[in-house]
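In this chain, residues are counted from 1 in sequence order.
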Amino acid sequence: MARSGLFAIRDVGSLIHETAEEGTELKKAVGVTQLTAMGVGAIIGTGIFVVIGKGSGIAGPAVILSFILAAVACVFSALSYAELASSIPVSGSAYTYTYATLGEIVAWIIGWDLILEYGVSVAGIAIGWGGNLNAFLDSAFGVALPDAIAKSPEDGGVINLPAVFIVLAITLLLIRGVTESARVNLVMVVVKLVVLIFFLVVAFANFGTGNFHPFAPDGADGVTAAAAIIFFAYIGFDAVSTGSEEARNPARDLPWAIIGSLAICTLFYVLTAVGALGIASPDQMKDSDAPLAAALDQGAGMSWAAGILALGAVVAITSVVLVIFYGQTRIFFAMCRDGLLPRRMAKVNPRYGTPARLTITLGVLIAILAALVPLGTIVELVNIGTLFAFVLVNIGVIILRRTKPDMPRPYRVPWSPVLPLLGVAFAIYLMSDLPFDTWIRFVVWLAVGLIIYAAYGYRHSRVRLAATSSEEGQDS
């Protein structure tokens, strides 16, 4: 333990030691394959099935370069996550890394931020899952769920039952154990990659170059503007780091999983963009909610394939819900174990080796949110929360290199601090492009969090309680 003020810093050794405490010890059960599948599962979701249309409408065929530029913007932060995840194999991701570098108050801010980011994200993705389920049922069987049980009250329904169902189903799966969850996710990742490969085979079998001219109708401005939108199709690789504590060999597996999942998704994104433009023009895709299905229908004349793409979207979104919700529980778990939130919530179920009580609580709250609340623009909070975390993780790498130069680092970011600083610059640039209303909501959420920290977290922090006990022991 270090100093005990607002900027108290957790010692890395004590963080790692606490992972073996009785009652809060998570089961080490996942390897590099499952961790990489978690990354792919979190990244490839509605992004590739939807955002490619919006991006091509802005950049034209040069959207291919936008996908590459967005990947470059992410890779700097991915390298920093890889270094910290391999060096500090503890649940909590950016929250834990910040606690070990910038201090408790900053860690609370980022942890509170991540609770919002992941929680709103899971609810929003669950709502999207319901919409895609309806699209699949309609395209495959010609039926759809009635609005009364498929939409929120504000959208003309009574309750969004599909969203409730998927959240509660994932909750039960996560309670069962990380091994079972990782296996199910791996199957879903394989399915959605097979669907994308099916699209690529059909697209390249009917490929033409006519849609590639003019390549960049709006020049570099169009490429960067599309990249700012496409960037959010890459968010998710950071969720891999939330599994640090349950990795069998975190020093080796986490860097491979974080960087590998980003590389795999980049390859699929670029190939899919090339294939889509080979059979459909940007104008044919830009206004479609299912641009890949539109490309197959209008470009290749294969309307029957829309059902396959819709199924792929449902599976893809299911795996995103699973991995993001998993990340949410592990961040919350780390904050509870540190005493900033009620420590009893960090109790691990002895049978399943998971924080079952915490998982159930979060699952019920998110299910209620997904059932009744139309999220709308609040989902933009996911974007600002993620970028804020990226900034602090990159800064954390730079600080730890100076304050703990001899700390074991199984993976090291090359050319530090240059690459971490580039990660900070890219994140700040993209944050500056977000709407002002999003910033207002973000500040209000953080203000509420600071009130909770002052009322509870500050007084119950393990760092502070340990320092108080030490002082009392010295006085006696």
Side-chain angles (χ1 to χ4, degrees), residues 1 10-31 34-35 38 42 85 88-97 99-100 107-108 111-112 114-115 118-119 122 167-185 238-251 253-254 257 321-367 456-457 460-463 465-466:
M1 304 285 181
R10 292 298 308 271
D11 178 68
V12 174
S14 70
L15 282 169
I16 296 173
H17 175 74
E18 287 168 8
T19 63
E21 287 182 340
E22 185 177 355
T24 60
E25 183 178 3
L26 296 172
K27 184 180 179 182
K28 297 186 181 299
V30 290
Q34 294 97 329
L35 288 167
M38 283 174 59
I88 312 173
V90 179
S91 286
S93 186
Y95 156 76
T96 298
Y97 309 149
Y99 214 157
W108 168 266
W112 187 247
L114 290 173
I115 288 174
Y118 279 66
V122 172
V167 171
L168 295 182
I170 295 299
T171 299
L172 293 176
L173 178 59
L174 289 174
I175 291 171
R176 282 282 302 169
V178 67
T179 303
E180 292 79 2
S181 301
R183 286 173 182 166
V184 172
N185 178 65
D238 54 314
V240 176
S241 64
T242 63
S244 299
E245 199 170 320
E246 289 154 291
R248 286 193 291 265
N249 189 347
D253 295 347
L254 286 164
V321 175
L322 172 60
V323 178
I324 299 300
F325 190 13
Y326 167 81
Q328 163 83 303
T329 62
R330 275 27 181 195
I331 291 167
F332 208 96
F333 170 79
M335 296 179 74
C336 291
R337 188 167 59 188
D338 288 337
L340 300 185
L341 291 170
R343 288 186 65 181
R344 62 181 178 275
M345 296 296 289
K347 183 71 174 177
V348 169
N349 184 283
R351 179 179 178 185
Y352 300 121
T354 61
R357 182 185 303 173
L358 180 154
T359 304
I360 293 171
T361 302
L362 289 175
V364 170
L365 292 175
I366 293 172
Y456 183 90
H460 293 84
S461 162
R462 288 186 69 162
V463 170
L465 293 177

From Lys28, Lys27, Arg330, residue fulfilling salt bridge (charged side-chain N to carboxylate O under 4.0 Å, His left out) relative to Glu246: Arg330
Look up atom [atom1] in [X] and atom [atom2] in [Y], then write down how far apart they are to the nearest 0.5 Å.
| X | Y | atom1 | atom2 | answer |
| --- | --- | --- | --- | --- |
| Trp112 | Met335 | CH2 | CE | 7.5 Å |
| Phe332 | Leu358 | CZ | CG | 5.5 Å |
| Ile16 | Thr96 | CD1 | OG1 | 11.0 Å |

More than 12 heavy atoms of other groups within 6.0 Å of His17 NE2: no
Gln328/Ile115 under side-chain contact (heavy atoms from CB on, under 4.5 Å): CA gap, chis, key distance, verdict: CA-CA 6 Å; Gln328 163 83 303; Ile115 288 174; 4.3 Å; yes
Give the minimum heavy-atom separation between [X] and [Y], together with the two atoms involved.
| X | Y | value |
| --- | --- | --- |
| Ala334 | Gly92 | CB-CA, 3.8 Å |
| Ser461 | Tyr99 | OG-OH, 3.5 Å |
| Leu168 | Gly363 | CD2-O, 4.2 Å |
| Ala367 | Val167 | N-CG1, 3.8 Å |
| Leu26 | Pro355 | CD2-CD, 3.9 Å |
| Met345 | Cys336 | CB-SG, 3.6 Å |

Sole residue of Val30, Ile170, Leu174 in side chain to side chain contact (heavy atoms under 4.5 Å, CB included) with Ser181: Leu174
Side-chain (Gln34) to main-chain (Gly31) donor-acceptor, under 3.5 angstrom: yes
Sidechain-backbone polar pair: Ser93 side chain, Ser241 backbone, donor-acceptor under 3.5 Å: no
Pairs flagged by side chain to side chain donor-acceptor pair (under 3.5 Å) wherever residues 343-360 is involved - sequence neighbours left out: none
Pairwise side-chain contact, Thr361 with Leu365, heavy-atom cut-off 4.5 Å (strictly under): yes
Side chain proximity check, Phe325 to Leu362, heavy atoms < 4.5 angstrom: yes
Check against side-chain contact (heavy atoms from CB on, under 4.5 Å), Tyr97 and Val90: CA-CA 9 Å; Tyr97 309 149; Val90 179; over 6 Å; no
Contacts of Glu245 that satisfy side chain to side chain donor-acceptor pair (under 3.5 Å) - sequence neighbours left out: Ser91, Arg337
For Asp338, salt bridge (charged side-chain N to carboxylate O under 4.0 Å, His left out) partners two or more places apart: Arg10
